[in-house]
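Taking it in order: structure first as structure tokens, then the write-up.
First listed ligand is number 1; within each ligand, the first listed atom is number 1. A quick note: this is a predicted structure, and the numbers were derived from the prediction, not measured. Along the sequence shown, the residues carry numbers beginning at 1.
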Amino acid sequence: MEKMKVLVTGGAGYVGSVTVEKLIDKGHEVLVIDNLSLGNRNAIHPEATFVKCCIKDEKELLSSTIKDFKPQAIIHMAANSLVGESVTNPFKYIDDNVNNALTLIKLCIDNNIPKFILSSTANIFGNSDTLIDESHSIEPGSPYGESKYIIERYLKLISKYYPWFKHVIIRYFNAAGATKLFGEERENETHLIPLVLDVAEGKRDKIQIYGDTYDTPDGTCIRDYVHVEDIAQAHIRSLQDKIRNREYNLGSGKGYSVKEVIAATEKVTGKTIPSEVTSKREGDPAYLVCDNKKINAELYWIPKFDTLESIIKSAWSWRLIYPQGYDNYTLSYANREIVQHM
Ligand code: UDP
């Protein structure tokens, strides 16, 4: 594949940092735009160009940065992405997520940028007791899912009226795991695997299980955990010119319950993980598992990390290498070669 100039918004975030790492590994030239409100400066690969820019409030900087860099593709990952928060603050999600995407898509049209890859979400699908493929009925489970679905439709509309402009929509299931360089760290963590690992590390006393009366074998919610590096590879494959105006569901195709995640983490870490069952979280469907046949057939994508344990193990290893996460991380960079070859 030819080397490309790729702009990644949200490149300081969890999935963004790993996508940038893998793009650079493949020889692409990467520009990261991030306002660092959720992302971490130390999570930006040192070989990427970084411009700190808020898509919403710094439109002139955004426009001039894009004009200077002349990307051949934009991978748009910057977004608010918490289901629970979106239920309590829907305006933040509809307003920021939708308007920021529209701003970027318009900039693509104005600057002849022919490809736009959107990070979307399985949260656009409603409850289901079967694997979810691309033809599954759309019933966004939350304002977050709704915001992504609005952007999906807008992208399709613009691609119709500007035939040279192509999009790829990638709907993630539950991103998890870490590479040797970049992992999952947030200021206010709400995701299951990092919280369970916090308990294993002794940073939290116990994990709360949000409900055990769902219609699933053990009563807890089932999700499809897909490794962040596998997600990054799906984006890189989507850059191919022949991949035009496509939408893909991206998950491992296997579902694990909250209790299974806790048990697998106990096995990987060798620690006991205390838990307590609490009330259900609003917006949580019982079962969300991906049918990945389409992305497999068209992008030849298969997950390299194909077991829950291998995914959790990678996240645990990252924590052992970087016990302070991205704090003091510059120091760790000096050991990058060593770390990479461990
Ligand atoms: N979950 C839980 N306790 C927690 C965090 C999450 O039981 O402290 C459950 C949540 O209800 C969901 C699953 O774990 O069924 C995955 O949640 P997460 O927030 O990681 O991802 P989401 O599925 O919301 O994108």
Side-chain angles (χ1 to χ4, degrees), residues 13-15 38 77 79-90 93 97 119-129 131-132 139-149 170-178 183-201 203-228 231 249-266 273-290 308 311-312 314-316:
Y14 170 45
V15 182
L38 297 168
M77 296 185 157
N80 300 309
S81 62
L82 300 177
V83 170
E85 185 191 46
S86 80
V87 172
T88 51
N89 194 354
Y93 279 71
N97 284 0
S119 295
S120 187
T121 173
N123 194 259
I124 68 165
F125 299 113
N127 212 350
S128 166
D129 47 17
L131 297 185
I132 294 174
E139 287 164 53
S142 69
Y144 166 55
E146 193 71 63
S147 73
K148 291 291 183 173
Y149 187 51
I170 306 185
R171 298 167 178 150
Y172 312 166
F173 283 64
N174 289 57
E184 190 167 18
E185 186 192 292
R186 296 181 188 88
E187 212 158 296
N188 298 309
E189 191 53 77
T190 63
H191 293 88
L192 181 64
I193 291 180
L195 288 174
V196 175
L197 288 172
D198 278 353
V199 180
E201 265 193 273
K203 290 180 178 163
R204 289 176 203 266
D205 295 342
K206 59 187 169 203
I207 184 76
Q208 296 189 325
I209 298 174
Y210 296 152
D212 67 352
T213 56
Y214 286 95
D215 187 14
T216 60
D218 68 18
T220 65
C221 286
I222 293 179
R223 293 287 178 277
D224 179 327
Y225 296 90
V226 54
H227 197 277
V228 64
I231 295 179
N249 291 358
L250 179 62
S252 68
K254 293 180 191 158
Y256 297 96
S257 72
V258 175
K259 285 186 179 167
E260 285 173 323
V261 169
I262 296 170
T265 308
E266 287 186 324
I273 307 210
S275 62
E276 68 170 347
V277 177
T278 61
S279 51
K280 291 181 178 176
R281 186 173 66 176
E282 203 184 332
D284 267 343
Y287 179 92
L288 269 184
V289 184
C290 179
L308 180 62
I311 293 173
I312 294 174
S314 72
W316 182 239

At under 4.0 Å between heavy atoms, what of Leu192 touches ligand 1? The answer is both
For Gln208, the atoms of ligand 1 under 4.0 Å from one of its heavy atoms are 2 (C), 3 (N), 4 (C), 7 (O), 8 (O)
Within 4.0 Å of some non-hydrogen atom of Asn174, the atoms of ligand 1 are 16 (C), 21 (O), 22 (P), 23 (O), 25 (O)
For Ile209, the atoms of ligand 1 under 4.0 Å from one of its heavy atoms are 7 (O)
Filtering Glu282, Arg223, Arg281 for the heavy atom nearest atom 18 (P) of ligand 1 leaves Arg281
Logged contact type for Val261 with ligand 1, heavy-atom cut-off 4.0 Å, is neither
Report yes or no: does Tyr225 have a heavy atom closer than 4.0 Å to ligand 1? yes
NZ (Lys203) with more than 12 external heavy atoms under 6.0 Å
yes
Exercise. Any idea how Phe173 and Phe125 line up, ring-wise: parallel (<30°), tilted (30 to 60°), or perpendicular (>60°)?
Worked result: parallel
Ligand 1 atoms nearer than 4.0 angstrom to some heavy atom of Ile207 are 8 (O)
One finds that the ligand 1 atoms under 4.0 Å from a non-hydrogen atom of Thr190 are 5 (C), 19 (O)
Output for pair (Tyr214 OH, Ser257 OG), nearest 0.5 Å, gives 12.5 Å
In terms of its nearest heavy atom to atom 15 (O) of ligand 1, the top option of Cys221, Ala286, Ser257 is Cys221
